[in-house]
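Below you'll find the structure, written out as C-alpha cells, and then a few comments.
Numbering of ligands and ligand atoms starts at 1, following listing order. Nothing fancy with the numbering, it's 1 onward along the sequence.
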Amino acid sequence: MAHSDTEHRDPDCLFCRIIAGEIPSERVHEDEQVIVFRDLHPKAPVHVLVVPREHHRDVRDLAARPELLAHTATVAAQVAADLADGDFRLIFNTGPGAGQTVFHVHAHVLAGGTLAEGEM
Ligand code: AMP
Ligand code: ZN
C-alpha cells in the first residue's frame with residue numbers, strides 16, 4: 001500500500017488501543033478498514049465514531065488516503081441507516097481549536113431525532 005508505515009499504529013493512542021481491543025468499546029460495525037463504536041458521551045440519540053484502523057492524526061492527513069476517506073463516509077451513511085432514519089451529521093473536529101481531543105482521526109455520526117443547527 002502506498003502510505004507511510006509509520007502511521008499504522010501508535011501505542012499511546014487511545015483509539016489505536018480501542019481498535020486493538022485493549023480498551024473496551026461498544027462496537028456497532030467493523031470491517032477491514034474501519035471500526036464504529038458508540039461515543040462515551042453521546043450528544044444525540046445516535047452518536048457513534050467511525051474510526052479508520054490506520055492511525056492518522058486528523059482528516060487533513062486522512063485526505064491523503066481518498067479511498068479510506070470515502071469508505072469512512074460510506075460506513076457513516078450505512079450506520080445512520082441501520083441505527084436511525086438514515087439522515088445524519090458527519091463531523092471531523094480538526095485541531096484543538098475545533099475541539100479535537102483524540103488525535104486519531106474519527107468521524108462523529110450524529111443521528112436520530114432532530115438535530116438543531118449549532119448543536120454539535
Ligand atoms: P473529539 O473531541 O472530536 O476528538 O472526539 C473524541 C470523542 O471521543 C469524544 O466525543 C469523547 O466522548 C469520545 N471518547 C473518549 N474516550 C472514549 C472511549 N473510551 N470510548 C468511546 N468514546 C470515547
Ligand atoms: Zn491511533
>> If we check side-chain contact (heavy atoms from CB on, under 4.5 Å) with His104, which of these qualifies: Arg57, His56, Arg17, His55?
In response: His55
> Heavy-atom distance under 4.5 Å between the side chains of Val109 and Arg89, does that happen here?
Replying inline: no
>> Let me confirm one number: the CG-CD1 distance from Leu49 to Ile18, rounded to the nearest 0.5 Å.
In response: 8.5 Å
> Does ligand 1 have any atom that is closer than 4.0 Å to a heavy atom of Leu49?
Replying inline: yes
>> With nothing but distance in play, are any N or O atoms of Asp39 less than 3.5 Å from an N or O of ligand 1?
In response: yes
> Counting from 1, what ligand 1 atoms have a heavy atom of Arg38 closer than 4.0 Å?
Replying inline: 21 (C)
> Within the distance-only criterion (no hydrogens, no angle test), does the side chain of His71 pair as donor or acceptor with the backbone N or O of Glu67 below 3.5 angstrom?
Replying inline: no
> Taking only heavy atoms of Phe15, which atoms of ligand 1 are found under 4.0 Å from at least one of them?
Replying inline: 8 (O)
> Hey, which atoms in ligand 1 end up nearer than 4.0 Å to a heavy atom of His106?
Replying inline: 1 (P), 3 (O), 4 (O), 5 (O), 6 (C)
> Do side-chain atoms of Arg27 reach the backbone of Ile19 as a donor and acceptor pair under 3.5 angstrom?
Replying inline: yes
> Any idea which N/O/S atom from His104 gets closest to the Zn ion (ligand 2)?
Replying inline: ND1
> Under a heavy-atom criterion of less than 4.0 Å, does His108 contact ligand 1?
Replying inline: yes
>> Just verifying a value: how many Å separate Thr94 OG1 and Leu62 CG, rounded to the nearest 0.5 Å?
In response: 10.0 Å
> Nearest heavy atom to atom 23 (C) of ligand 1: which of Leu40, Ile23, Leu14 does it belong to?
Replying inline: Leu40
>> Any heavy-atom pair between the side chains of Phe92 and Val105 that's under 4.5 Å?
In response: yes
>> Tell me the protein heavy atom at minimum distance from atom 4 (O) of ligand 1, and give that distance in Å.
In response: Thr101 N, 2.7 Å
>> What verdict does the side-chain contact (heavy atoms from CB on, under 4.5 Å) test give for Val48 and Phe37, after you've listed the backbone C-alpha separation in whole Å, the side-chain angles of each residue and the deciding distance to 0.1 Å?
In response: CA-CA 5 Å; Val48 299; Phe37 53 87; over 6 Å; no
> N/O to N/O below 3.5 Å, does that happen between His47 and ligand 1?
Replying inline: no
> Quick one: does Glu26 get a heavy atom under 4.0 Å from ligand 1?
Replying inline: no
> Which is the closest N/O/S atom of His55 when seen from the Zn ion (ligand 2)?
Replying inline: ND1
> With a 4.0 Å heavy-atom cut-off (strictly under), which part of Phe103 contacts ligand 1: side chain, backbone, both or neither?
Replying inline: neither
> What do you reckon, does Gly99 put a non-hydrogen atom under 4.0 Å from ligand 1?
Replying inline: yes
> Is the closest heavy atom of Phe92 to ligand 1 under 4.0 Å?
Replying inline: no
>> Could you check whether Arg53 pairs with Glu30 (Lys NZ or Arg NE/NH1/NH2 to Asp/Glu carboxylate O, under 4.0 Å)?
In response: yes
>> I need the His29 NE2 to Asp82 CG distance, nearest 0.5 Å.
In response: 9.0 Å
